[in-house]
Amino acid sequence: MRVEQQTIPSGLYKFQDECLSLLNGTLEVSKAVSYLVDERARPFCYKTHHLHPSMHREYLERFYKLDPLYPTQFSDQNDTVVKMNDLVATHERFNHPYYTEFISPWGVRDIIELFLRVDDRLVAGFALFTSKEQPEFRSADLKKAYQLQHFMQFALEQILESPQQSNFDKFCDQYHLTPKERLVTELALNGLPNKTIANDLDCGLATVKTHLQNIFAKIGVNSKREISSLYLQYR
């Protein structure tokens, strides 16, 4: 599989939705989050399921640095499924600010994280939550999670090798788009407004507009609609 160094694989935006649907339909979880991972192992392009916006905002603003499941801690490892309560002993949770100030107030009992890699580099993750009204994830749940992760990893590799993905990569190569410009192009081709693209990429609206202006100049178009039209002709 050919993946350029320091390049975030494209084609993952819709894949996140499909994986979230699969996970929520198979495991009994109260909420779930998916995200992509950049070249520095930092998550971005979050998608949430039944996660309260305030909880997500608190995490991004205050608690991500305390998260024992934060992707940067697993970028150089081969872990595929990790259970939060296995990382922090029961007696330690009473003094762990991530538990006392974030996990417990939001009624979370346990979390498992699933990681996907391309050429040994972390590219995506999925966090699955159980509430205090539910038991911790059991061995049977973890077995399912490992099976699902294995299937998702296989599906990801097939997507990145698909003719459709190859066409998109060739389209971007033809116009010498940078990794970030490829991401913006992919999101634009999915019909997303600029504000949503900015939120997904965790950047300002002005940054998205600058990326689009550069993309328009390279491709020789004046709008996202024209990019879509040109890409359809290319395919």
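In what follows, every heavy atom counts, from backbone to side chain, and hydrogens, waters and symmetry copies are set aside.
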What are the two closest non-hydrogen atoms of [X] and [Y], and how far apart are they?
X	Y	value
Val88	Arg93	O-NE, 3.0 Å
Ala145	Ile112	CB-CD1, 3.8 Å
Leu87	Pro68	CD1-O, 3.5 Å
Ala32	Leu20	CB-CD2, 3.8 Å
Asp79	Arg117	O-NH1, 2.6 Å
Ala41	Pro71	O-CB, 3.5 Å

Any [X] side-chain heavy atom under 4.5 Å of [Y] side chain:
X	Y	result
Leu189	Phe168	yes
Pro135	Thr130	no
Leu187	Leu201	yes
Phe137	Val81	no
His52	Lys31	no
Met84	Tyr99	yes
Met152	Leu23	yes

Keeping the roles fixed (side chain from [X], backbone from [Y]), state whether a donor-acceptor pair exists under 3.5 Å.
X	Y	answer
Glu58	Phe63	no
Ser166	Pro163	no
Ser30	Phe129	yes
Glu226	Asn222	yes
Gln149	Phe115	yes
Gln16	Cys45	yes
Glu186	Leu12	yes
Ser229	Arg225	no
Gln77	Gln73	yes
Asp38	Arg40	yes

To the nearest 0.5 Å, how far apart are [atom1] in [X] and [atom2] in [Y]?
X	Y	atom1	atom2	result
Tyr146	Lys143	OH	NZ	13.0 Å
Tyr59	Leu66	OH	CG	9.5 Å
Leu114	Leu148	CG	CG	7.0 Å
Arg109	Ser104	CZ	OG	10.0 Å
Leu27	Leu22	CG	CG	8.5 Å
Arg62	Lys65	CZ	NZ	12.0 Å

Exceeds 12 heavy-atom contacts within 6.0 angstrom, atom [atom1] of [X]:
X	atom1	value
Lys132	NZ	yes
Glu28	CD	no
His50	NE2	no

Is the Phe102-Tyr98 ring centre distance short of 6.0 angstrom?
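Yes.
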Distance under 6.0 Å and angle within 45° of the ring axis: does Lys47 meet both against Tyr13?
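Yes - Lys47 lies over the ring of Tyr13, closer than 6.0 Å to its centre and within 45° of its axis.
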May I have the step-by-step check of side chain to side chain contact (heavy atoms under 4.5 Å, CB included) for Val108 and Met55, ending in yes or no?
CA-CA 11 Å; Val108 174; Met55 181 180 179; 3.8 Å; yes
Looking only at side-chain N and O atoms, does [Y] offer a donor or acceptor that is under 3.5 Å from a partner on [X]?
X	Y	answer
Arg57	Ser54	yes
Glu161	Gln165	no
Ser162	Gln164	no

When you group the ILVMFWY residues by side-chain heavy-atom contacts below 4.5 Å and let the links chain together, are Ile197 and Leu205 in the same group?
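In one cluster with Leu205: Ile197, no.
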Take Ile227 and Tyr175, measure what side chain to side chain contact (heavy atoms under 4.5 Å, CB included) needs, and give me the verdict at the end.
CA-CA 12 Å; Ile227 294 178; Tyr175 295 105; over 6 Å; no
Students often mix this up, so state it plainly: with edges at 30° and 60°, are the rings of [X] and [Y] parallel, tilted or perpendicular?
X	Y	result
Phe171	Tyr231	perpendicular
Phe126	Phe15	perpendicular
Tyr35	Tyr46	tilted

Is there a side chain to side chain contact (heavy atoms under 4.5 Å, CB included) between Asp169 and Arg182 once you walk through the steps?
CA-CA 8 Å; Asp169 289 337; Arg182 289 169 185 251; 4.0 Å; yes
Return the set of residues passing side chain to side chain contact (heavy atoms under 4.5 Å, CB included) with Lys218 (not counting sequence neighbours), or none when no residue passes.
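Only Leu177, Thr178, Glu181 meet the side chain to side chain contact (heavy atoms under 4.5 Å, CB included) criterion with Lys218.
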Ionic contact status for Arg138 with Asp110, cut-off 4.0 Å
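No, no charged N to carboxylate O under 4.0 Å.
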